[in-house]
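Since the structure comes first, as structure tokens, the remarks are kept for the end.
The model shown is predicted, which means the values in this text are computed figures rather than measured ones.
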Amino acid sequence: MMRSRLQNTKAFSLLPKSSIHNTDYLRTSHCSPSFINILPRHPVHKQNYSMVIRATSSKFRPSSEATSKENEAVTIKAVVKVQVTAGGFISTIGLIRPLVDFTDLVGKTLLLELVSTQLDPKTGLEKETIKGYANNASQKDDEVIYESSFSIPADFGEVGAVEVENEHHKEIFIKSIHLHGFPNGSVNVPCNSWTHSKFDNPQKRIFFTNKSYIPSETPSGLKRIREMELENLRGNGEGERKSFDRIYDYDTYNDLGDPDSNNELARPVLGSKQHPYPRRCRTGRPRSKKDRLSEERSSSVYVPRDEAFAEVKQLTFSKKTLKSALAAVPSQLQAALANPDQGFPYFTAIDLLFNEGVKLPEPKTGEGLQKIIPRLVKTITGGQDNPLLFETPEIIDRDRFSWSRDAEFSRQTLAGLNPYSIELVTEWPLKSKLDPEIYGPPESLITTELVEKDIGGFMTVNEALKRKKMFILDYHGLLMPYVNKVRQIEGTTLYGSRTLFFLTEDGILKPVAIELTRPPIGDKPQWKQVFTPTLDATGCWLWMLAKAHVCAHDAGLHQLVNHWLRTHCCAEPYIIAANRQLSVIHPIYRLLHPHFRYTMEINALAREILINAGGIVESNFSPAKYCFELSSAAYDQVWRFDMEALPADLIRRGMAVEDPTAEHGLKLTIEDYPFANDGLILWDAIKEWVSDYVKHYYPDPTLVESDKELQGWWTEVRTKGHADKKDEPWWPVLKTPENLIHILTTIIWVTAGHHAAVNFGQYTYAGYFPNKPTIARTNVPTEDPSDESFNNFLKRPEMTLLNCYPSQIQATQMMVVMDVLSNHSPDEAYLGEKLESSWAENPVIKAAFERFNGNLKKLEGIIDERNTNLNLKNRVGAGVLPYELLKPFSTPGVTGMGVPNSISI
């Protein structure tokens, strides 16, 4: 019935622009009497500060009970809500008050044009729009209300959209337009968008009502503007993007380097046959003078206007705060620390960061850190100092020695910051797949005999393999090609590494061995050594040093691959393609849109200051200038969309097997795997919500394959957004609702659950850097040792370990960065928390969302209960940090919990 009804609806036609200022037309049109009374007797010239908004219609339909009045007009009231913003028109209203008062007086503040969903039955063309000016009616807090009245003819049909033309010289942020007075209820037009000045861009803005339509069910009167709006968002691929643009297009990562300022900052383009990579949003900046393949750097990076962070008065966390903090940290800490490039002299000196802090110098220019990150900079009562005093991370607050214990080292592979790397050992003996001519003998020194010395009391290696008791962190193959390159850089080093674990009968992992390997270099042959837990003093310190190297490798692969690449970087093409191919009234766009919030903005900020050449990541992680070449290699070798779904990821790593009789359809290899235990419940909740949503809009399976916008989106994700992998055979097909459900569930999982699991524990787990150092600066003392260096190790092994850890400037800088990046902003939007307006008006979708919300609240209770169950030793115990990273909701701040809708930080 819905489809047949929609096929009978019609649409509208836009009036010539000249009619906007034609007062004779307005006096004889459908404007209210109160509006006509304020019109001048003579034509009014355009003022510099005025704005036009046009609208399109959606809910009006003459009541079947009022057939006797079918020829009567209906009077409705339009209410426009405009946000007071830091940089928009409303913020400057005091400067232009006389002009604003005058434009309000003559009714030229906002011009609304209501557009019908129906075509004119006589001409077959779009119906004329109904126009009226909205005037400033009131202001409350950070919201300005504009109101207008319209007389709607009975045969006008439903209102389907609103066009907006802003005649001011400043943009404004329109939150919503509500049309009250229709017999069948109000028409709601969600906007939440910046509306540019017509002097910047003559194109009018289009805002559609809450109703969602797949393309084949689009009312006739909306078809043209639906397609036109998508064309506007695609742009023509030419020219440099302006800050007010809303254009989505693709480009390679050709803006990380800065060869024009320094040849040492030149970096290869990521997004090519040699260096495959996802695509980012095109900015159109000029080419570098020294490298024509690269783009010039600039002080800010373009993102489409509505992708920017919100500018609301109560917002204490913004792009400015983040950027200022990250930019201010190096210079102020460099001045504050006595020996910034040296390691900490004692472990007690690290403790002082949490007890006494670092006294900061007064900044010579700009804001000091105390104004940018007040959570970390404390004012001492009765004193003048404002020290950088770090909050004690909860993991150390609970047990200050946990970082040094093997049990905690192992536990964090299952319930820590990087639960995505642990794998089941399926092949024995361990052997490298790299070319032995380049990298040396492929056989591992972790042999059967060595392992059975450790686990021989439990079982043989063969028995352990059969019973799925052997697990590994295998960073050998990915890191080895970069070892010799990295070792040419002062202040860092690298190995290929393997770390072997054994699963005990108690269900906890026990580290068995660590192998560090250096390929041949110069006239030196391959070097490798296996380290094991021992009882003698020298062996214990060497074991701690080996763990420090593995932790640095894990921190790097966590940040460069499992965090940045697999969430931030790979998600951006989904966002670009959705805005280019899916209309805002497409139900799938409305499902995905909350999961794209702020991602492009945070990625642009990352390219400015985090992942750029010489930036924070390169300065603080072991691979240094090769960080993102390594990320590209991981994308080439490891990333597959079909493996980004949580169940598929667990199966690929051998951490689960399919079992139709088991909960979630999977049997976990390690039963007490907190990330997987909580994650699978979250995955199922997302999948149920997506299934309910998709099945409502696609009751006929053939509708998926015939949906041209949906097919265009998925094709563009594969062929443009991930162009370097477009020919891979593993891309899911999109032909049925089941295909669509799986694709959408995967994307939402990546932007919500996956990202939350690897992001919001950064300060909690890595704020005390010996637990998760980002860099290892020195080789182990047994690699080509000199007598002097080895004797120094024997005399002061603690100093050898501290010198291996990050320097004072590296450690404190990363502590600040991780604190900022672990922060939930005050306007955080959590998964399943907010009912979108387009969902609220559909009873079926509203009920499905309420079930989703209820399932997430149940998950919170399940996690709380699990965190009190002493049988779950990987998440409960004396001094053990409970696993809460996938608890759906959180308060603002650094909480170590909460799953936002999107990759918003």
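- Using a 4.0 Å cut-off between a side-chain N of Lys or Arg and a carboxylate O of Asp or Glu, Lys242 and Asp245 do not qualify as a salt bridge.
- For an aromatic pair to be called close, the ring centres must be under 6.0 Å apart, and Tyr830 with His824 satisfies this.
- A cation-pi contact, defined as under 6.0 Å to the ring centre and within 45° of the axis, links Lys725 to Tyr635.
- A salt bridge between Asp255 and Arg607 is present, with a side-chain N of the basic residue lying under 4.0 Å from a carboxylate O of the acidic one.
- For Glu295 and Arg285, the salt-bridge test passes: some basic side-chain N is under 4.0 Å from an acidic carboxylate O.
- Asp306 and Ser193 share a donor-acceptor pair across their side chains, judged by distance under 3.5 Å alone.
- Between Tyr495 and Tyr475, the ring center distance fails the sub-6.0 Å criterion.
- By the 6.0 Å and 45° rule, Arg234 does not stack over the aromatic ring of Tyr248.
- Using a 4.0 Å cut-off between charged side-chain N and carboxylate O, Glu296 and Lys289 make a salt bridge.
- Using cut-offs of 30° and 60° for the angle between ring planes, the Trp564 and His568 rings count as parallel.
- For His558, the ring-ring contact (aromatic ring centres under 6.0 Å, His included) partners at least two apart in sequence or on another chain are His563.
- Under the 4.0 Å criterion applied to side-chain N and carboxylate O atoms, Glu644 and Arg566 are assigned as salt-bridge partners.
- Note: Tyr574 and His722 have tilted aromatic rings, judged against thresholds of 30 and 60 degrees for the angle between ring planes.
- Note on Asp678 versus Lys887: no salt bridge recorded, every NZ/NE/NH1/NH2 to OD/OE distance being 4.0 Å or above.
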